[in-house]
Each structure stands twice: as structure tokens, then as C-alpha cells.
Amino acid sequence: MREDRHNPFRDAQTDRSTASEVPDTPQTRSSAYRLAFADDEFLCRDELRPVRLQLELLKPEMIMSEREITSTIVMFGGARIPEPSQKHTARTETLAGLSTYYDEAREFARLMTVKSNETGCRENVIVTGGGPGVMEAGNRGAQDAGGCSIGLNIVLPHEQAPNLYVTPDLSFNFHYFAIRKMHFLMRARAITIFPGGFGTMDELFESLTLIQTGRMERVPFLLFGREFWERVINWKALADAGTISDEDLDLFRFVNTAQEAVEIIENWEPAPPRDEIPGR
């Protein structure tokens, strides 16, 4: 990370190195003597949670700003969806059938990255959760096009690591889901949702709620796989019940192919955030 210094004071890294070279005494071995910002045990205390939240917001933001990344294309989708050549490993026949969306995700990311490359990897940069399944397909498609892509990983209780297609210096890791979600949407020019489970549903509805309530600008909101989404969610029933309005059903579109999604994004006319919620 670049550090542009504009003051006459010693920098923190220099003092950290100096502090590590002091004589070994009971005083210097004490945790109380450690520089606060170099004390992992101190930084992990419950009272430091606000500081850790700020750090997780700042670090990726500073790196992406230094890379001059101004807009992203968000790809949400299931970690369990295999690539077609591995669909025989799927837990269910339905999951094996959904492997077609791995290829669509990969092709969509490739097409969008071809356009991103024209901006020097500054606009329309693919961003995924950095894991397997649809996420892997997104980062892989960006690599197919010779471009860069972002991976926003999260620490989970079970073993997990970034997929091998994320651009290494844009591969981030998070402790807080909330801050990770902010980074997904802060530069979003479009949001695409592929079939998935609880995590995908969470990302879908939280993003959609921000647009519905006017907290976020209208952007292309594309659900890949009409059959899947209409089977697992009865959208019309929500409107009929009055818990959402009929107008809310226009906040998203169904698509089935990568090319269809690209055409919608390319022809999208920017729209301001809602200033009222229909039906209230």
C-alpha cells in the first residue's frame, strides 16, 4: 500500500522497528510496553471493536482508491454450484443442473472484463465473495479476459481460502460481514444474483432493500435463472399480500444468459434513488 507522507514526524513503521530492538528486560517484555498499534492482543479486545470495524472499512477502500477503481460489477451466487465438468460431484440432481450457471457466470465476467480492460481496470471491475462455485466462476472469467477482479473473503469456522483466480493484490479478507457488504456495494454499477443458498439470499434481500428504500441508487439488478428464483421465492405473493408493492417487482429483472445481462447493463439509463416507498 502506498504511503504518501506530508509531515515531519517519524513514521509509525520506523518506530515499530526501533521498539523491537530495545534491550530484553522484564519491562520491555511486558504487554503494557508494546506500541498499541503493534499489539495484536490489545487490538483484539472487545473494547477495540469500533477500531477494528474502521480498519476493515479503510484498508480495502484505500487499496482500491490507490488502484483508481471507480465502479464494480457485483456477482453473488452459490458456493456449492460446481463447474459442469464436476457436476457429478454435486449433492443433488438439481445442484448438478445448476452447473450451467457456472459457465454463464464465467462468460458474463469475461464479457464485462473485456470492457473493464479498456479503462485500465478502473471501471466495471468484477467483484465476488472470493470463494468457490459462482464466485470462482466470476473471478475465473475475469482472468480469461486478461483483466483483474476483486475477491471479498470472510473468515469462517471451517477451512476456506480465496479461489485461485482472484487478482492477488485485490484479494481481501474480512471478520465483519457488515463491512464486507459495504464494500460489495460502495462502487456497484450493477448487481447480479445467481442461484444460491442462505448467503446469496441474504445478499440479495439486503441489496434490494437498500434500493427499495431509496438508500441506494437504482442500478441494474439481475437475477440469473427465472425458473430457479420463481420456484424458491413467490414474488407475486409478497405483492398480493401487501408486504411489498407491485412497483417493487420492477426493481429487478430476470435473465438467463450472460449476453442478455451485458445488454441490459450497457443500455441502462441511470436513475436516482427513490424519494418515497410505493404502498406506504
Side-chain angles (χ1 to χ4, degrees), residues 60 64 67 69 71-87 95 98-117 119 121-154 160-174 180-181 183-197 199-204 207 219-225 228-229 252-266:
M64 284 190 270
R67 290 281 297 257
I69 295 174
S71 63
T72 57
I73 305 296
V74 180
M75 294 180 67
F76 294 132
R80 304 184 188 193
I81 293 178
E83 63 175 300
S85 67
Q86 298 297 315
K87 68 180 182 180
L95 195 59
L98 292 174
S99 66
T100 58
Y101 289 105
Y102 182 103
D103 278 350
E104 290 300 333
R106 182 176 176 180
E107 175 63 5
F108 171 74
R110 187 191 70 80
L111 291 172
M112 293 307 306
T113 303
V114 168
K115 301 178 185 301
S116 177
N117 289 343
T119 71
C121 194
R122 293 182 174 88
E123 298 177 16
N124 298 329
V125 179
I126 293 295
V127 56
T128 80
V134 166
M135 296 173 279
E136 175 187 283
N139 297 119
R140 189 175 181 179
Q143 189 179 94
D144 290 341
C148 68
S149 68
I150 302 164
L152 305 181
N153 280 80
I154 186 90
Q160 71 105 37
N163 68 66
L164 298 178
Y165 303 101
V166 180
T167 300
D169 59 353
L170 292 173
S171 182
F172 303 104
N173 201 16
F174 291 85
R180 178 176 179 254
K181 288 177 179 176
H183 281 294
F184 267 121
L185 300 179
M186 285 169 64
R187 290 172 167 81
R189 185 187 167 216
I191 299 171
T192 61
I193 317 283
F194 291 78
T200 303
M201 300 285 184
D202 174 53
E203 292 155 345
L204 185 164
S207 304
V219 297
F221 200 104
L222 309 176
L223 275 61
F224 273 77
F228 174 84
W229 289 112
F252 58 88
R253 298 271 300 274
F254 294 109
V255 296
N256 287 310
T257 68
Q259 188 60 53
E260 187 180 357
V262 170
E263 289 174 2
I264 292 174
I265 293 170
E266 286 185 339

In sequence, state the C-alpha distance, the side-chain angles, and the governing distance for Glu107 and Thr257, and then conclude on side-chain contact (heavy atoms from CB on, under 4.5 Å). CA-CA 9 Å; Glu107 175 63 5; Thr257 68; over 6 Å; no

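- Within the 4.5 Å cutoff, no side-chain heavy atoms of Phe194 are placed close to those of Ile81.
- Scanning both residues, Gly151 and Val166, for their nearest heavy atoms gives N-CG1, 3.4 Å.
- If you take CZ on Phe172 and CZ on Arg180, they are separated by 13.0 Å, rounding to the nearest 0.5 Å.
- Between the Thr192 side chain and the Leu223 main chain, no donor and acceptor come within less than 3.5 Å of each other.
- Asn139 approaches Ser149 most closely through the heavy-atom pair ND2-OG, 2.9 Å.
- For the pair Pro220 and Arg189, the tightest heavy-atom approach, listed with the atom from each and the gap, is CD-O, 3.2 Å.
- Looking only at distances, no side-chain donor or acceptor of Thr72 sits under 3.5 Å from a matching main-chain atom of Val125.
- Ring to ring, Phe76 and Phe184 are close: their centroids are under 6.0 angstrom apart.
- The CZ atom of Arg106 sits 11.5 Å away from atom CE of Met75, with the distance rounded to the nearest 0.5 Å.
- When all heavy atoms are compared, the tightest approach of Arg122 to Arg67 is CG-O, 4.1 Å.
- Under 4.0 Å is where a charged nitrogen must lie from a carboxylate oxygen, and between Lys115 and Glu266 at least one such pair does.
- Among all heavy-atom pairs drawn from Pro195 and Phe224, the shortest one is CD-O, 3.5 Å.
- Under the 4.5 Å side-chain criterion, counting only non-hydrogen atoms from C-beta, Ile264 is not in contact with Phe221.
- Remark: side-chain polar atoms of Ser116 are not paired, donor with acceptor, to backbone N or O of Met112 under 3.5 angstrom.
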